[in-house]
Amino acid sequence: MITDARVLQTEFVPKDLVHRDNELTTLSAALKPLTNGEPGETTLLHGPPGVGKTCTTQYILNQLHENVIDLNTQYVNCWKDHTQFQTLYRILEGIDQTLDIHRQSTPTDKLRDRLHNYDGPPYIVVLDEADQLETTDVLYNIYRTPNIEMVLIANQEADLFSRLDTRLKSRLQTITRIHYKPYRSGEIVSILEDRVHWGLEPDTVTRDQLERIAVASKGDSRVAIGVLRRAARLASQDNERAISDEYIDEAVPEAKTEIKQKNVEKLTEDQRILYDILTEEGEISAGRLYESYRDRADEPKTRRMMRYYLKKMQHYNLVVANGENRGRTYNTSS
DNA sequence: CCTCCACAGGAAGCCGGGGGAC
DNA sequence: GTCCCCCGGCTTCCTGTGGAGG
């Protein structure tokens, strides 16, 4: 049934991008000057998940690489590489400057200096999920380096900007902003049709079923493609030649919890205990959460450590905090 | 209104591990 | 090998905040 599994991956960048013409044009225009050796414009792409921010960026980078010989680019996922050291390391990796850098013994200062001394060809650094950066210092370091252009990607523009110091905030006031709206149902359907065409055998899924997936995905293309992939896999495991509605209904919740499940597996023992308590108890105050945790853990860590853990788990979208200070409660994310 | 308390999160320091320089 | 440096994980201490309750 599946003829090409790659195109059913959410990260796959198709040859033709549909429904993102305006965004592509604006981003392209912002980076265009680089191809003539002039400085481009720092760009911020913002909008909810699964609306094509990452995809359009990688599409543009591919295009630039085809047309410009002397150009470096690097894509950094700040969610994965969120410490200053990790981010700087990735950026230097994009210009082959990391051979002698070791995690344990190289000070972050050295990475910073090396970046600042960059004087090679134009270099485009994409910082995806930039609002997840531990410190925004790294943005300043890139900003002040000539010949490096930043493309920032974030869900909420405000999440990123509220954390910048005033100096950087005012300098980034004038950057090009591109807002991505959720896809409409029909747009999701045509994105799926494209993937179906390249990835599945003919007549395995009907248009009605694609619409069903589109509605369930609520404008998030990653969820939609994930559902399609899972439904196709379920059907082929049962040796069916077509995807039935039942497979789709089964795949929808699976696709939505897939990412979460992966993150739960990454938790340490102590974090896992906290997560289990939240799963069982539901909404709970920090004090009661710590008491439960202390009872269950063999060697419980301190309250401060619990707060670090909870912060981390919010970062992983496993935990949500409601309220501030005394009134705050924690819960698992739905 | 004021004081107390629970809580968040910053700052500093300790420790163990690992790599480089010698 | 030994010394030194750095990091991440962790603790301790501390300040700021806002609701509860006198």
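Both backbone and side-chain heavy atoms feed into the values below; hydrogens, waters and symmetry mates do not.
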* Asked: For the side chain of A/Asp194 and the backbone of A/Ser190, is there at least one donor-acceptor N/O pair under 3.5 Å apart?
  -> no
* Between C1' of C/dC5 and NZ of A/Lys110, the distance in whole Å -> 12 Å
* Measure from CD on A/Gln84 to C1' on C/dC7 and round the result to the nearest Å. => 13 Å
* Asked: Is any side-chain N or O of A/Lys311 closer than 4.0 Å to OP1 or OP2 of B/dG9?
  -> yes
* Asked: Are any side-chain N or O atoms of A/Asp220 and backbone N or O atoms of A/Arg222, one a donor and one an acceptor, separated by less than 3.5 Å?
  -> yes
* Calculate the interatomic distance between A/Phe85 atom CZ and B/dG19 atom P; express it in whole Å. => 13 Å
* Asked: Do the rings of A/His46 and A/His179 sit parallel, tilted or perpendicular, given the 30° and 60° boundaries?
  -> tilted
* To do: Round to a whole Å and report the spacing from OH of A/Tyr89 to C1' of C/dC7.
  => 15 Å
Under-3.5 Å N/O pairs linking protein and nucleotides 19-22 of chain C:
residue	atom	partner	partner atom	Å
C/dG19	N2	A/Arg326	NH1	3.3

* **Under-4.0 Å side-chain N/O to phosphate OP1/OP2 contact, A/Ser285 with B/dC7** => yes
* So, is the end of the A/Arg304 side chain (NZ or CZ) under 6.0 Å from the ring centre of A/Tyr308 and within 45° of the ring's axis? -> yes
List every contact pair, protein side and nucleotides 11-14 of chain C side both N or O, where the distance is under 3.5 Å.
residue	atom	partner	partner atom	Å
C/dT11	OP1	A/Thr302	N	3.3
C/dT11	OP2	A/Thr302	N	3.2
C/dT11	OP2	A/Thr302	OG1	2.8

* Picking from A/Asp249, A/Ile243, A/Asp245, what satisfies side chain to side chain contact (heavy atoms under 4.5 Å, CB included) with A/Tyr247? -> A/Ile243
* So does A/Asp276 pair up with A/Arg296, basic N to acidic O under 4.0 Å? -> no
* Protein-nucleotide distance (A/Gln271, atom CD; C/dG8, atom C1'), rounded to Å -> 13 Å
* Asked: Does the distance from a Lys or Arg side-chain N to an Asp or Glu carboxylate O, for A/Glu291 and A/Arg288, drop under 4.0 Å?
  -> no
* When hydrophobic residues are tied together by side-chain contacts of less than 4.5 Å, even through go-betweens, does A/Met305 share a cluster with A/Tyr316? -> yes
* To do: Have a look at A/Tyr309 and say if it touches a base, only the backbone sugar-phosphate, or nothing, with a 4.0 Å heavy-atom cut-off.
  => sugar-phosphate
* Would you call A/Lys32 and A/Glu38 a salt bridge, taking side-chain N to carboxylate O under 4.0 Å as the test? -> no
